[in-house]
There are 2 protein chains.
Amino acid sequence: MADEVILLDFWTSPFGKRVMIALREKGVEFDTREEDLSNKSPLLLKMNPVHKQIPVLIHNGKPICESLVIVQYIDETWGPESPLLPSDPYERARARFWADYVDKKIYWAARSAWVLTGEAQEAANKEFIESLKVLEGELGDKAYFGGERFGYVDVSLIPFSTCFHALETLGNYSIVEECPKVVAWVKQCMQRESVAKSLPDQHKLYDHFVARKKEHQAQ
Amino acid sequence: MADEVILLDFWTSPFGKRVMIALREKGVEFDTREEDLSNKSPLLLKMNPVHKQIPVLIHNGKPICESLVIVQYIDETWGPESPLLPSDPYERARARFWADYVDKKIYWAARSAWVLTGEAQEAANKEFIESLKVLEGELGDKAYFGGERFGYVDVSLIPFSTCFHALETLGNYSIVEECPKVVAWVKQCMQRESVAKSLPDQHKLYDHFVARKKEHQAQ
């Protein structure tokens, strides 16, 4: 019997996109169920009763939650011939460190830059660029974060690139000027079918964010 | 040549204690270097230039940072006969999910309950107990979170038990009344040499926290 693989997702979520990209890198067939986050489905509430959040991967009826946990599960379950994490324990630890850095720094700074206003927003813009520059330094002249192979850190970070346009428009700065190597890496990642097929259009995302922000301010 | 294993730590840190416990579970000899967090050593700044935080494990000169990353590194590097993470990918994902839950919920609620005041503190107290009750439900009647074996989730959570006395004293509630299974699990874990030898005395920790809070309020 073939595996039944279902992804509970919302189209703007960079976390959901990590899971999509990892599944496509491994050549796993899956169904996506788009959630209405203002009216979450009984399936989502049943499958992730603790956090009640997307993404959730449901593999033959069993749920896996939290995007980095899911990506590691995918890596350990399918396609050992195309691993996302390196085999060496030290290199694995480094990859996990940088994926964790994306969650702790890039996500929060990007979110704050979008949600906050005034001086707090300025500070968040600055923190976002500083955090991205740290990744620029880590990337250096490598093709991907792990070297020659597209891997775990790339999967973790690349979904956030669709917010770059919104963030630089909002903050009135240029990411390509600040972090040219990261921008070249984004272009290289976008050549991969797994990435190009999974990420939303950055302009559509920008329009969505602007509309949400207006709604939020009107309340 | 024998491995050189150095842990940069601070005695109150539950994150540093995770690393100690994991090393002791694996029977790894190590040296601990106590950091002065108000005047961090050049070694710490060199070994963790990104976050500048303890704990850092230095294995034959190479640094590994972030406690859960370090515990997984230890598990993959030493003592395959006494694994901390289960071998089944789904069970591994579950263990990673709950360790992440400890970081996201237990740590933040405990910290907020200690740092905040007034209504915000009340809310944090409530959140801490609610989060611990979720773990009580997950533990159920098992000996350890993973079943019969002391493992990754136990290592991740047990260091926070030394704050229970401080938190219930501050919040005027009883953890054993709210979460009797968790408290029984703490007692069982404390029977292990790896745990008993690593955790600080809860009363000494309480006195330290009270003194720090007074200093903070006086500023």
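Quantities reported herein were computed from a predicted structural model and do not represent experimental measurements.
B:Y73 and A:P89 get closest at one heavy-atom pair: CD1-O, 3.5 Å. Minimum interatomic distance between A:I64 and B:A93 (heavy atoms only, all atoms of both residues): CG2-CB, 3.8 Å.
The environment of A:K142 atom NZ is dense: over 12 non-hydrogen atoms of other residues, nucleotides or ligands sit within 6.0 angstrom. Counting non-hydrogen atoms of other residues, nucleotides and ligands closer than 6.0 Å to NZ of B:K126 gives a total of 12 or fewer. More than 12 heavy atoms of other residues, nucleotides or ligands shown are found within 6.0 angstrom of CD on A:E34.
Per-residue heavy-atom pair counts under 4.5 Å with chain B were compared for A:K105, A:R94, A:Q72, A:K104, and the maximum is reached by A:Q72. Counting heavy-atom pairs closer than 4.5 Å to chain B, the top residue among A:K62, A:E66, A:H59 is A:K62. Contacts with chain B were tallied for A:D75, A:D100, A:V50, A:T77; A:V50 has the most, counting heavy-atom pairs under 4.5 Å.
Remark: A:W185 pairs with A:D154 by the side-chain hydrogen bond (donor to acceptor under 3.5 Å, both in side chains) rule, at least two apart or across chains.
Heavy atoms closer than 4.5 Å to chain A are found in the side chain of B:H51, but not in its backbone. Neither the backbone nor the side chain of B:P49 comes within less than 4.5 Å of any heavy atom in chain A. With a 4.5 angstrom heavy-atom cutoff, B:R92 touches chain A only via side-chain atoms.
The distance from atom CZ of B:R96 to atom CD1 of A:I70, rounded to the nearest 0.5 Å, is 12.5 Å.
B:Y90 contributes a side-chain N or O that, together with a main-chain N or O of A:P63, makes up a donor-acceptor pair within less than 3.5 Å.
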